[in-house]
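The structure appears below as structure tokens.
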Amino acid sequence: MANSSAITAARHLSEKLPLPLKRLADLAYNYWWSWSGDRISLFQTIDPQEWERCGHNPVAILESATYERLTQLAEDPFYLKQISALAREFDQYINQQDTWVSRVAPQVSKQHPIAYFCAEFGIHESLPVYSGGLGILAGDHLKSSSDLGVPLVGVGLLYRQGYFRQRLNRQGWQEDYYIDNPFGHMPLELIKNEQGESVTIELQVRQRVVKVQIWRVQVGRVTLYLLDTDRHDNDPIDRWLTGHLYGGNLETRIAQEVVLGIGGVRALHALGIEPSVYHLNEGHAAFCTLEVARVEIERTGKSFYDIEAKVRNSCVFTTHTPVPVSHDVFSPDLIDSFFASYWPQLRLSREQFLALGARRLGDPWEPFGMTVLALRMSRACNGVSELHGQVSRKMWTVLYPQRSEDKVPIGYITNGVHAPTWTAPLLGDLYNEYLGEDWKNRAVDPKMWAKVDEIPDEELWSRHLILKERLIAFTRYKVKKSRELRGENHELIQATEKLLDPNVLTIGFARRFSPYKRGDLILRDAQRALKIFGNAQRPVQIIFAGKAHPADEEGKRIIQRLMEWCHNSGIINRVAFIEDYDIYTGQKLVQGVDVWLNNPRRPLEASGTSGQKVCFNGGLNCSVLDGWWCEGYQTGPDGKGINGWAIGEDAHTSDQELQDGIDSRSLYQLLEEEIVPLYYDQDAQGIPHRWVQMMKTSIKTNAPLFNTDRMIADYVSQVYVPEISKSVEPILAKVLL
């Protein structure tokens with residue numbers, strides 16, 4: 001195991017800091033700071049321009065700061081009080097013994113933690129090893145596990161260049177490029193042994209031995225371990241196994257999943273960690289189950305089928321997508337090239353090994369499915385919303401021919417979001433005043449959220465307008481920067497000063513631009529859309545952001561159509577596209593928009609979480625009834641939404657053209673007849689009281705349910721330690737099927 005007494009990266013950094021600032025090093029190397037109350041000014045104060053340039057990296061800002069600047073801060077009494085107060089709060093948090101888990105599930109010990117495997121983790125924009133929703137959910141999972149005291153460790157991959165970076169050319173076409181991550185100047189630490197050497201594990205990838213090193217990231221009380229093959233003693237090809245997230249071909253993908261699953265188990269063992277539960281967050285990590293089996297076979301000398309039940313009892317699985325193409329499958333030939341020397345270690349024949357990942361047994365051409373393997377080798381499986389659970393049971397009924405569809409053993413735990421991360425500090429301050437300063441620790445309490453009714457309309461509305469103005473200023477800055485980089489003409493660059501208007505109804509749409517998410521649905525009837533957005537008396541404006549996968553040509557065409565629309569003379573100041581979407585951009589959007597638009601084809605949105613983030617900031621959802629919104633949307637006696645709006649009919653059809661037509665007409669009608677009139681129904685002071693009432697209703701009805709504290713409590717009581725389910729408060733424990 002790594003020597004815990006070795007000089008850590010935080011201590012090394014603290015040696016460079018003046019004495020009064022040394023605690024900044026501890027804070028910089030633990031992402032707890034990113035959801036603390038002082039997260040805005042703590043590091044930004046050092047050098048705002050450098051903070052922007054280094055991508056909000058706290059280690060980089062401390063390393064780059066001049067000693068003169070640091071000594072200036074060291075004699076600033078206000079700044080020193082800020083550090084001292086935050087350091088005390090941090091120490092109390094880290095050392096807290098009385099946690100939710102210690103009270104309800106003391107049998108979950110730090111000696112045998114839950115190991116949470118995922119291909120991506122979205123902790124913060126300064127750690128770019130995520131692409132979208134799956135990673136953001138995984139990051140929030142770690143944060144709430146830390147808050148609730150769940151003994152959990154994360155396991156993922158450290159990508160040299162992460163997910164691709166996005167820029168759009170003058171034709172509006174997405175161009176992809178990559179940037180090396182400066183790991184030595186980021187909030188993570190390479191794990192070394194007592195001799196100062198990197199702790200490594202070895203894997204066989206095809207016929208080559210690959211060495212994998214391990215990095216540590218602290219997320220509050222939770223540790224995230226990231227695996228990295230970029231070592232000088234590896235073959236140049238193997239050094240790039242952890243080069244890109246979701247890049248390369250199928251051979252790269254299966255190699256990465258070998259590193260994640262098999263390598264992840266070996267890394268934990270090398271660190272002396274013996275998990276009680278292996279949680280596979282999506283099928284990418286399914287090979288983990290095979291390595292757990294191999295270790296048990298080696299330990300006991302038993303056959304695979306003798307230890308299979310024990311392995312299954314230690315593994316749980318969360319599936320995240322109802323889109324068939326998104327489930328990884330590999331040909332038998334590819335499996336042969338990677339596992340021919342591995343299945344003998346499991347005491348299995350080739351046919352027996354391939355059967356573990358086959359949907360239909362007996363077909364020699366049946367591909368090996370990672371989701372199938374995970375389902376077969378896990379004692380519990382769940383989708384990520386009630387509807388997704390239903391869709392998943394139907395999708396995988398083929399694996400359970402003796403069961404009716406409703407008895408397929410796939411339950412659901414609806415996703416949530418980490419409230420302290422996504423709630424704007426300006427709103428959090430308002431909640432401190434009216435809900436109580438401990439509101440972050442009571443996110444699941446509906447009685448507490450009911451107190452939002454006590455917030456005066458003018459206070460909630462004025463803070464919302466400030467956040468919207470901040471979003472618009474940020475959007476103008478980003479669009480101007482993009483136009484400058486594209487070499488656009490001077491007039492177009494200067495026009496960004498008039499882009500968007502804080503007094504106009506503002507819609508946000510940000511997600512991966514996959515065709516099924518229908519990013520351009522609002523353009524389906526261009527003339528009707530132009531009439532809505534270009535209305536002189538009651539205009540509407542929209543901000544887009546998001547990336548299309550490098551191989552998704554149709555997704556890129558959708559972005560191109562939106563960019564063309566941005567230049568339509570009738571609405572040129574009413575439409576904006578923010579390039580290179582990341583966590584920081586996402587925060588600004590969910591905190592500042594009036595309405596969050598979500599219009600995927602049903603039932604292809606497993607859950608979605610962006611709209612949940614909007615709720616904590618008083619924004620309203622306008623979404624198809626898919627994913628989490630099926631559970632969140634509420635109507636009044638007249639059948640109309642009281643906490644947002646539902647697009648189209650609650651019906652599923654294979655006729656995409658028909659569904660697109662129904663949904664686009666419904667969206668236009670909602671905007672014209674409900675959303676726009678409600679927003680512009682303002683008093684003499686410009687306050688739309690009925691709109692603000694809907695904001696409050698959205699907060700009251702959604703915030704207590706769609707947060708990761710509730711989600712983690714469900715995982716603990718229903719999946720990790722199901723024997724405690726009867727003793728957990730009802731608000732924290734939905735019954736799974």
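Atoms considered below: every heavy atom in the structure, side chains included; atoms not considered: hydrogens, waters and symmetry mates. This structure is a prediction, so every number in the text was calculated from the model and none was measured.
- Look at E579 and K481 and you find no salt bridge, because none of the NZ, NE, NH1 or NH2 atoms lies under 4.0 Å from a carboxylate O.
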For salt bridge (Lys or Arg N to Asp or Glu O under 4.0 Å), just list the numbers for D714 and R710, CA-CA rounded to whole Å, side-chain angles, deciding distance to a tenth of an Å, and then say yes or no.
CA-CA 6 Å; D714 281 350; R710 187 275 309 155; 3.0 Å; yes
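- For the pair R561 and E564, the salt-bridge criterion is not met [side-chain N within less than 4.0 Å of a carboxylate O].
- In this structure, K588 satisfies the cation-pi test against Y584, with its NZ or CZ atom closer than 6.0 Å to the six-membered ring centre and inside 45 degrees of the ring normal.
- A pairwise comparison of heavy atoms in Y633 and G639 identifies OH-O, 4.2 Å as the closest pair.
- If you run side chain to side chain contact (heavy atoms under 4.5 Å, CB included) between I647 and each of N621, V624, N598, only V624 comes through.
- Proximity of the aromatic rings of F616 and W422 is defined here by a centroid distance below 6.0 angstrom, and this criterion is not met.
- Across K498 and R476, no two heavy atoms sit closer than the pair C-NH2, 4.3 Å.
- Here NE2 of H464 is found 7.5 Å from OG1 of T506. Values are rounded to the nearest 0.5 Å.
- Nearest heavy atoms, S607 versus N415: OG-CB, 3.4 Å.
- In this structure, W691 and W645 have tilted ring planes: the angle between them lies in the 30° to 60° band.
- Each of D594, I543, L671, V593 was checked for a side chain to side chain contact (heavy atoms under 4.5 Å, CB included) with I507, and the lone residue meeting it is L671.
- Looking at every heavy atom in both residues, P58 comes nearest to A28 through CG-O, 3.6 Å.
- Here the CG atom belonging to D681 is positioned 12.5 Å from the CD1 atom belonging to I687, to the nearest 0.5 angstrom.
- Put simply, CD on E631 and OG1 on T414 are 3.5 Å apart, with the number rounded to the nearest 0.5 Å.
- The distance from the CG atom of N707 to the CG atom of D140 is 10.0 Å, given to the nearest 0.5 Å.
- Between A529 and W565 the shortest heavy-atom distance is CB-CZ2, 3.9 Å.
- Ring geometry, F544 versus F577: the interplanar angle falls under 30°, so the pair is classed parallel (tilted spans 30 to 60°).
- A donor-acceptor contact closer than 3.5 angstrom links the side chains of S84 and R88.
- Taking the six-membered ring for Trp and thresholds of 30 and 60 degrees, Y31 and H124 have ring planes inclined between 30 and 60 degrees apart.
- When side chains are defined from C-beta on, V540 does not count as touching I542, because their heavy atoms never get closer than 4.5 Å.
- K700 has its side chain out of reach of N643: every pair of non-hydrogen atoms, C-beta onward, lies at least 4.5 Å apart.
- We find the CD1-OG distance between I522 and S664 to be 10.0 Å, quoted to the nearest 0.5 Å.
- Judged by the 6.0 Å distance and 45° axis criteria, R511 is positioned over the aromatic ring of F509.
- Under a 4.0 Å N-O distance rule, the pair K696/D457 qualifies as a salt bridge.
- Closest non-hydrogen pair, A495 versus N573, comes out as O-OD1, 4.1 Å.
- To the nearest 0.5 angstrom, S131 atom OG is 12.5 Å from D582 atom CG.
- F43 and W33 have perpendicular rings, their planes meeting at more than 60° on a 0 to 90° scale where under 30° would count as parallel.
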Show your working on salt bridge (Lys or Arg N to Asp or Glu O under 4.0 Å) between D660 and R601 and close with a plain yes or no.
CA-CA 8 Å; D660 291 355; R601 290 194 178 97; 2.9 Å; yes
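- By the 4.0 Å N-to-carboxylate-O rule, K547 lies close enough to D580 to be salt-bridged with it.
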Going through the distances and angles, do F706 and W629 end up as a ring-ring contact (aromatic ring centres under 6.0 Å, His included)?
CA-CA 10 Å; F706 302 108; W629 192 230; 8.4 Å; no
